[in-house]
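All heavy atoms count here, side chains included; hydrogens, waters and symmetry mates do not. All residue numbers in this chain count up from 1 along the given sequence.
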Amino acid sequence: MSEPHLVAAAHFFVGCVSIIAGFVAFAAPKGRRIHRAAGIVFTGSMLILAASGLWMSLARGILFTVFLSWLAAHAVISGWAAANDGAIARSITRLASFSSLALVLSALVGGVMAGQATGGALNGLPPAAFFGLAGFASLLAVFDLAFSRAKVISNGHRLSRHAGRMGLSMFVATGIFFFGNNHVLPEAMRTAPILSTPVLLVLALTLVHVVRTSMARSRA
């Protein structure tokens, strides 16, 4: 599979758009028009980002980023479905656990392949990286299954899942951009403190919103 220049350019552009839209959605008052508009832009751009990232990963033969593209797409789609209550959203919620379980099995296979590869690493990554991703995907599968089988789902539960999944997808996007593609940044910005700040900020904002919605759910 070839990697057209247009795909790489689109990947970079939508990556920038998704990160900006994500931070706007985090900062905007929840439920307001600006939050919803930023959320729509973020969701759409993240899906394009995951698709173009998958294409580029397959073209370059990098299995781990194939899984990261899958993880990002899974997170943003299930996060969108959590905040909606239509037939499509309900179908996505029912099928989410199949996607996360498939990711678990695929990552385990990737770990075995890495262990059997020359030097005990696949694309420079040891089996532990793949097994760690499989373990994280297992947690997602547990949450997916529990959410889909819950008889009563409160609004707070939906918002907590929505915030967590959207934050996870943005965490993947910022992590890949600032740690994997930082060559597009000025050299003065390519320092550990500067590169890690946006990624850690996304993680902190996600945890804050998940905890806040979970506490609101508990009080209710």
Side-chain angles (χ1 to χ4, degrees), residues 14-50 53 68-86 88-97 99-100 103 133 135-178 196-220:
V14 296
C16 294
V17 171
S18 64
I19 291 173
I20 294 171
F23 277 117
V24 172
F26 267 128
K30 302 303 174 281
R32 299 292 180 86
R33 181 176 298 178
I34 186 172
H35 173 75
R36 294 177 179 176
I40 291 173
V41 173
F42 175 76
T43 300
S45 59
M46 275 301 306
L47 289 175
I48 297 173
L49 184 68
L68 290 183
S69 298
W70 183 350
L71 175 63
H74 175 89
V76 76
I77 293 173
S78 59
W80 173 86
N84 293 272
D85 195 31
I88 294 177
R90 290 194 294 270
S91 296
I92 290 173
T93 296
R94 287 194 296 269
L95 296 173
S97 58
S99 173
S100 49
L103 179 56
L133 179 60
F136 182 78
S138 297
L139 291 177
L140 292 183
V142 170
F143 287 123
D144 286 336
L145 188 60
F147 188 80
S148 65
R149 294 178 63 86
K151 295 182 179 179
V152 178
I153 302 177
S154 68
N155 189 52
H157 193 176
R158 290 183 181 277
L159 293 178
S160 178
R161 178 177 170 86
H162 172 71
R165 294 307 174 94
M166 291 302 192
L168 172 59
S169 63
M170 189 174 175
F171 178 77
V172 173
T174 52
I176 292 176
F177 181 84
F178 287 100
S196 60
T197 296
V199 182
L200 294 177
L201 180 58
V202 170
L203 180 60
L205 289 171
T206 301
L207 291 175
V208 166
H209 282 79
V210 169
V211 170
R212 188 175 67 178
T213 52
S214 296
M215 291 179 64
R217 182 180 69 194
S218 298
R219 287 196 296 270

Please list, chain by chain and in numerical order, all residues satisfying ring pair (Phe, Tyr, Trp, His ring centres under 6.0 Å) with H209, sequence neighbours excluded.
F26
Please report the shortest heavy-atom distance between V172 and A72, naming the atom on each side.
CG1-CB, 4.1 Å
Rounded to the nearest 0.5 angstrom, the NE2-NZ distance for H162 and K30 is 9.0 Å
Partner set under side-chain hydrogen bond (donor to acceptor under 3.5 Å, both in side chains) for R94, not counting sequence neighbours
S91
Between S18 and L49, which heavy-atom pair has the shortest distance, and what is it?
OG-CD2, 3.8 Å
Interatomic spacing from CG in L140 to CZ in F147 - rounded to 0.5 Å:
13.5 Å
Closest non-hydrogen contact found for L168 with A75 is CD2-CB, 3.9 Å
Sequence neighbours left out, what passes side chain to side chain contact (heavy atoms under 4.5 Å, CB included) with D85? Give chain and number order.
R90, R158
Between atom CG of L71 and atom CG of L133, what is the distance when rounded to the nearest 0.5 Å?
6.5 Å
Can you name the nearest heavy-atom pair linking T206 to G167, along with the distance?
OG1-CA, 3.2 Å
Looking at residues at least two apart in the chain, or sitting in another chain, which of them share a side-chain hydrogen bond (donor to acceptor under 3.5 Å, both in side chains) with S99?
W70, H74
Result block: side-chain N/O donor-acceptor pairs under 3.5 angstrom for residues 39-48, not counting sequence neighbours:
residue, atom, partner, partner atom, Å
T43, OG1, G39, O, 2.9
S45, OG, V41, O, 2.8
S45, OG, F42, O, 3.1

Under the rule for salt bridge (charged side-chain N to carboxylate O under 4.0 Å, His left out), what residues qualify as partners of R36, not counting sequence neighbours?
none
Residues that S196 engages under side-chain hydrogen bond (donor to acceptor under 3.5 Å, both in side chains), provided they are two or more places apart
none
Going by side-chain hydrogen bond (donor to acceptor under 3.5 Å, both in side chains), name the pairs with one or both residues in residues 164-177, residues two or more places apart or in two chains.
S78-R165, D144-R165
Partners passing ring pair (Phe, Tyr, Trp, His ring centres under 6.0 Å) against F171 (at least two apart in sequence or in another chain):
none
Hits for side chain to side chain contact (heavy atoms under 4.5 Å, CB included) against A28, two or more places apart or cross-chain, chain-then-number order -> I34, H35
Enumerate the salt bridge (charged side-chain N to carboxylate O under 4.0 Å, His left out) contacts for residues 70-81, please, sequence neighbours excluded, ordered by first and then second residue.
none
Where do P198 and F23 come nearest, in terms of heavy atoms and distance?
O-CZ, 4.0 Å
Please report the closest heavy-atom contact between A38 and V24, naming both atoms and the distance.
CB-CG1, 3.7 Å
Pairwise distance OG1(T93) to CG(N84) - rounded to 0.5 angstrom
9.5 Å
Applying side chain to side chain contact (heavy atoms under 4.5 Å, CB included), name anything that partners A73, two or more places apart in sequence or on another chain.
A50
